[in-house]
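These notes are about the structure you will find just below.
For ligands, and for the atoms within them, numbers begin at 1 and follow the listed sequence. Index from 1, following the sequence.
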Amino acid sequence: MESDQMTEEEKVFKDPVHGYIYVHDPVIWALINTREMQRLRRIRQLGTSSVTYPGGDHTRFSHSLGVYEVIRQILLAFERNGYDWPHHLDRLAMVSGLLHDVGHAAYSHALEKVIGMRHETWSERIILDPATEVHQVLERVDPGFSQQVADVIGKRHANSLVVSVVSGQLDADRLDYLMRDSIFTGVDYGKFDLARIIRIMLPKEGKIVVRRSGLHTVEAYLLARYFMYWQVYFHPVSRSAEVLLRAILSRAQEVYATVFMPHPSLMGLFSGKIGLDDYLAIDDSVLMNAFNVWQKASDSVLADLCTRLVERHLFKYVEYPVSSLQVYQEIACDVEGMGYDSRYYCLVDETGTIYYDYYLGEEGTSGKEGALFLWDEERGQLVEMSRLSKPISAIARERQGVRRLYLPEEVLAHPVVGPRIVQRIQRDRDRFH
Ligand code: NI
């Protein structure tokens with residue numbers, strides 16, 4: 001790095017994932033200290049997951065620092081190995097990694113649906129809005145720098161290598177959150193050899209790939225990811241809390257005009273006219289406080305849902321491999337018959353993620369962004385991962401998520417209604433599968 005980029009002294013964070021996180025660049029340091037980045041200290045990385053894994057309470061702030069650190073280490077490794085990498089874009093890559101989640105909503109992705117805008121869009125907005133501290137720091141670097149960072153995060157930047165190190169198949173974002181989530185939840189088989197992955201990565205044909213000799217290291221990483229999806233991200237109890245959270249948010253949206261809002265910014269959120277200031281004011285504590293207060297709300301549905309979430313009386317679930325609307329309507333009718341509004345008490349949750357999305361093209365073609373490639377030095381070409389790996393080709397074929405139906409415990413435990421619901425699902429499955 002050039003000397004004008006150096007701070008007086010090196011700044012260091014202690015971090016359980018990377019040991020230490022080093023900051024040399026005063027721009028990175030200034031960004032970390034902005035209002036918008038500090039907000040991420042008040043947003044947990046895993047949303048509702050700590051109902052299942054009590055240790056999973058780490059924040060988006062630590063993850064963001066971690067992504068920056070992973071990129072820093074990757075770029076150092078590229079430099080050591082003399083790889084063909086545009087080092088004049090190093091700062092852009094590290095800044096984009098640090099800021100990639102700056103627009104993340106409080107609590108979890110559930111809030112994005114209420115607002116109708118994805119967090120990536122908010123991230124870009126925060127970076128580009130002249131009123132934010134983040135924007136001001138970026139524009140002091142170079143007029144137009146904020147636009148470049150927004151373009152990397154929005155995957156529009158002309159340099160595809162920089163985009164893929166921040167968000168690709170083997171990107172710094174995933175490498176950090178998988179390791180971090182596995183360490184904090186205690187799910188040990190979600191861990192992988194991060195240091196070795198960084199050592200075997202290389203830039204080739206406009207994307208980040210790995211050396212073929214690193215096949216097993218990458219297999220271990222993809223398997224770790226597979227386990228993390230099933231054990232943490234798709235965990236039925238965590239999803240139950242998420243389902244309840246969605247129900248609360250949609251009820252609050254329905255009755256906002258008649259319910260007390262414990263924080264002024266919540267009005268903007270639920271009325272559908274949310275501006276940047278309100279968005280940035282809403283963190284996990286604002287929402288948690290609202291749920292707490294609403295346990296005594298005049299709206300009995302909202303009060304009940306909030307009490308269930310606060311006291312962790314979550315909905316129970318049954319596997320729901322049903323696609324027929326009629327079956328849902330029959331079950332909803334049963335639920336209504338017990339006095340529950342089925343819009344909030346009879347909820348289907350679908351986990352629809354594919355763990356490894358590969359491209360069925362010819363060896364050596366670049367394929368779509370989901371594929372991961374190995375660099376075969378002897379033959380001088382890229383080979384798509386699942387062609388070389390039996391376990392990964394097996395995972396790649398698994399394209400189905402899981403569907404579950406969430407209901408209040410007392411509905412499923414009801415001696416007549418409970419078994420009838422299970423039967424309806426069973427009958428539908430027998431008919432179509
Ligand atoms: Ni992230």
Side-chain angles (χ1 to χ4, degrees), residues 13 15-18 21 28 31-32 34 36-50 53 56-75 92-112 117-127 134 149-157 162-185 187 190-192 194 197-198 201 208 221-222 224-225 228-229 232-234 238 242 279-280 283-284 353 355 369-370:
F13 294 91
D15 178 69
V17 178
H18 306 295
I21 292 172
I28 294 286
L31 287 169
I32 289 170
T34 57
E36 296 83 20
M37 276 301 294
Q38 291 295 315
R39 166 182 171 270
L40 300 183
R41 288 184 187 270
R42 305 189 302 276
I43 296 177
R44 283 173 306 165
Q45 175 76 8
L46 285 177
T48 56
S49 282
S50 63
Y53 295 99
D57 261 334
H58 51 299
T59 67
R60 295 252 161 221
F61 181 76
S62 64
H63 164 61
S64 301
L65 288 182
V67 174
Y68 151 78
E69 177 63 21
V70 170
I71 294 176
R72 197 184 71 84
Q73 288 179 20
I74 292 171
L75 300 182
L92 175 64
M94 288 187 277
V95 165
S96 303
L98 181 70
L99 296 179
H100 81 288
D101 269 347
V102 74
H104 211 285
Y107 231 90
S108 79
H109 292 276
L111 204 65
E112 293 179 10
M117 198 157 122
R118 299 175 63 226
H119 72 265
E120 291 88 347
T121 316
W122 283 105
S123 292
E124 288 188 42
R125 201 167 150 186
I126 290 165
I127 288 162
V134 160
V149 175
D151 287 348
V152 172
I153 291 173
K155 303 188 188 184
R156 295 179 304 269
H157 196 275
V162 176
V163 172
S164 75
V165 84
V166 178
S167 53
Q169 184 55 234
L170 195 67
D171 61 30
D173 182 20
R174 270 185 247 216
L175 289 173
D176 183 81
Y177 79 64
L178 287 170
M179 273 299 266
R180 192 167 297 278
D181 295 347
S182 106
I183 286 170
F184 279 87
T185 55
V187 176
K191 287 188 197 148
F192 52 92
L194 178 60
I197 287 202
I198 290 172
M201 287 167 95
I208 307 291
Y221 155 75
L222 288 171
R225 191 165 127 198
M228 285 302 283
Y229 269 100
V232 179
Y233 310 127
F234 294 167
S238 306
E242 182 80 13
Y279 186 80
L280 289 171
D283 56 26
D284 283 7
T353 301
Y355 321 102
E369 111 185 90

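- Considering only residues two or more places apart in sequence or on other chains, Arg44 meets the side-chain hydrogen bond (donor to acceptor under 3.5 Å, both in side chains) condition with Ser50, Asp57, Asp284.
- Ordered by chain and number, His63 NE2, His100 NE2, Asp101 OD2, Asp173 OD1 make up the set of protein N, O or S atoms under 2.8 Å of the Ni ion (ligand 1).
- Residues forming a ring-ring contact (aromatic ring centres under 6.0 Å, His included) with Phe184 (at least two apart in sequence, or on another chain): His58.
- For Arg118, the CZ atom counts as loosely surrounded, since its 6.0 Å shell holds 12 or fewer non-hydrogen atoms of other residues, nucleotides or ligands.
- Side chains of Tyr107 and Asp283: no donor on one and acceptor on the other come within 3.5 Å.
- Not counting sequence neighbours, the partners of Asp173 by the side chain to side chain contact (heavy atoms under 4.5 Å, CB included) test are His63, Val67, His100, Asp171, Tyr177.
- The residues Asp15 and Arg180 are annotated as salt-bridged, a charged nitrogen and a carboxylate oxygen being separated by less than 4.0 angstrom.
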